[in-house]
**Q** 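Okay, handing you the structure first.
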Amino acid sequence: MEVKLYNTLSRSKETFAPLVPNKAGMYVCGPTVYTYAHIGNLRSYIFADLLRRMLEYNGYEVTHVMNITDVGHLVSDADEGEDKLVEGAKREKKTPWEIAEFYTQDFMHSLEELNILPPTIVCKATDHIQEMLDFVKELYSRGFAYRIEGDGIYFDVSKLADYGKLSGQSLDELQAGARIEINEHKRHPADFALWKDAPPEHIMQWPSPWGPGYPGWHIECSTMSMKYLGKKIDIHTGGIDHVPIHHENEIAQSEALTGETWVNYWLHGEFLQVDGGKMSKSLNNFFTVSSLRERHFDPIAFRFMCLNAHYRTPLNFTWEGMSAAHTALQRLRQAYQQLPTSPDQPSPQLAAKFHKAINDDLNVPLALSYAWEAARSDEPGSKALLDQFDQVLGLNLNAAPLQQELPPELKALLEERNQARANKNWAQSDQLRDQLTSKGVTIKDSKDGTHWEYKPQ
RNA sequence: GGCGGCAUAGCCAAGCGGUAAGGCAGAGGACUGCAAAUCCUUUACCCCCAGUUCAAUUCUGGGUGCCGCCUCCA
């Protein structure tokens, strides 16, 4: 079945045609590891994970490459200012290397908690300095870049006729809309740094033909993508915010180097909003996987929430919505787990609908509705069908529900209530149940005894 | 100022020319000592105005509102 993907480059859905039959290479723009990854960042990686799983569901052998940016992100505009890693290091009184390592681990752990499959290759910018330098030297020697003394090597965007093709902005428009010029030495405001000179006190620096320095932000993606996936790649993903600057610049330098189209399909995920606006530390709405855990949510419930919306529409995060997702996930899992295991073949009709939905530019919300249909179906092969669906959804449908220990005092209350019930003292038993409910314990009496669910407030 | 996105039931959200998937919440019923859980049933004329069409939530034009990017950001 054909796979359709919305390509930012053409602003339309296109049928996916891989460079090599049955194989797909995808490069996922990874995080800059100077602070904790928040759930907005994570939405993007859930999207990339769904893409990868969908391709594998279609039988493609996927090479999934993700970078870790552990150097080179600059703080202020015009490629001036301090490296974010350096800034983080100063803040926490650690070396940039320690900062990067710490947050990389945290990030990888978050991916795991969200059931995001580990990329085939995870590559760090600092491990590819030589390759980046080679890349820059090549562009420089061929006249696509120029040096600003005492500053660095800049890419000359005017050397490319189609700069701006991804975001739909021409150089003229960029020029017209440019804010006050900071760096007067640049030939065009859109010119960007490939390599920066490092002042002596700069901790992360490497020798280069132009003296000690460090790489610009965009160069790592082009370099590592070409190293691991070749000069042309199938798919490149990232957040919608990367379209205008980062990806535009990646295209510029890459296509300048190879002289041909670099990426066939550009896919971008929309933002996660919080209470209708942007997530930021100052608004105190900066949430991480740990924040979810603190509120006793299964991180997969956040994944569920993301699956419920298409990756190209903004999704509004609220705790109310999180709660709804949590409830829905528990119910779906329970329904799945209560289905009988059967040797029968799954319903081909439903399987086909599901397949069609995910292949249609990842219409996962629709696919999810078919999962509900299967979960509530009497068809004999429904459980097997859901197993199949879960390869893409990644909701761990067979996960055991979180059984938490009941604190001793609540356990005692529960015992007391069971006594009261045995004595048919309904008034007392109901009163005890109210107490337990108010403490977050949900009581379920059944023929084979009393069950409970505990969710601390 | 430039570029882009979004507007569908109380909430989240698919669909995108032929009269609206799914989830959460709510209502009714079954079950229960009563509940909870579960199961069944049930809840929308799709921001406004104009146009195209036999037919528009779905296309075109114009509004209004919200969000994002143009400085690092998923």
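Letters A, B, ... mirror the listed sequences (proteins, then strands); counts begin at 1.
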**Q** Please collect all salt bridge (Lys or Arg N to Asp or Glu O under 4.0 Å) contacts where either partner lies in residues 418-427 of chain A, sequence neighbours excluded, each pair once.
**A**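 Passing the test, one end in residues 418-427 of chain A: A:Arg421-A:Asp445.
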
**Q** Using a 4.0 Å heavy-atom cut-off, does A:Tyr45 contact any base of the nucleic acid, only the sugar-phosphate backbone, or nothing at all?
**A**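 Here A:Tyr45 touches the backbone only, sparing every base.
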
**Q** Between N or O atoms, less than 3.5 Å apart, protein on one side and nucleotides 39-41 of chain B on the other: list the pairs.
**A**
none

**Q** Quick one: the side chain of A:Arg421 and the base of B:G33, do they pair up donor-acceptor inside 3.5 Å?
**A**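 Per atom types, the contact qualifies.
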
**Q** Kindly indicate whether the side chain of A:Arg433 and the base of B:A35 share any N or O donor-acceptor pair separated by less than 3.5 Å?
**A**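 Pair found.
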
**Q** Indicate, with a heavy-atom threshold strictly under 4.0 Å, whether A:Pro244 touches base, sugar-phosphate, or nothing.
**A**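 Sugar-phosphate: the residue A:Pro244, judged by heavy atoms under 4.0 Å, touches backbone atoms but no base.
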
**Q** I need the full list of side chain to side chain donor-acceptor pair (under 3.5 Å) pairs touching residues 312-322 of chain A, with sequence neighbours left out, sorted by first then second residue.
**A**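 Matches after skipping sequence neighbours: A:Arg312-A:Asp361.
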
**Q** What is the nucleic acid contact for A:His310, judged by heavy atoms within less than 4.0 Å: base, sugar-phosphate only, or nothing?
**A**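 Sugar-phosphate contact only.
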
**Q** Contact class for A:Ile443 vs. all strands (heavy atom < 4.0 Å): base, sugar-phosphate, or nothing?
**A**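 A:Ile443: base contact, heavy atoms under 4.0 Å.
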
**Q** Spell out yes or no: do the side chain of A:Asp445 and the base of B:C34 have one donor N/O and one acceptor N/O closer than 3.5 Å?
**A**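 Yes, the side chain and the base share a sub-3.5 Å donor-acceptor pair.
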
**Q** Could you work out, with side-chain contact (heavy atoms from CB on, under 4.5 Å) as the rule, every residue matching A:Gln435, not counting sequence neighbours?
**A**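 side-chain contact (heavy atoms from CB on, under 4.5 Å) check on A:Gln435 returns A:Leu413, A:Gln431, A:Leu432.
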
**Q** Once salt bridge (Lys or Arg N to Asp or Glu O under 4.0 Å) is applied, what residue pairs with a partner in residues 106-121 of chain A remain, sequence neighbours excluded?
**A**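 As it turns out, the salt bridge (Lys or Arg N to Asp or Glu O under 4.0 Å) pairs with a partner in residues 106-121 of chain A, which skip direct neighbours, are A:Glu113-A:Arg293.
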
**Q** Within less than 4.0 Å of OP1 or OP2 of B:A14, is there a side-chain N or O belonging to A:Thr313?
**A**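 Indeed, a polar side-chain atom of A:Thr313 lies that close.
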
**Q** Please list each protein N or O that sits under 3.5 Å from an N or O in nucleotides 9-12 of chain B, with the distance.
**A**
from  : atom 1 : to       : atom 2 : distance (Å)
B:C12 : O2     : A:Asn308 : OD1    : 3.3

**Q** Using modelled atom types only, decide if a donor and an acceptor are shared between the side chain of A:Glu14 and the backbone of A:Asn7 within a distance under 3.5 Å.
**A**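 No.
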
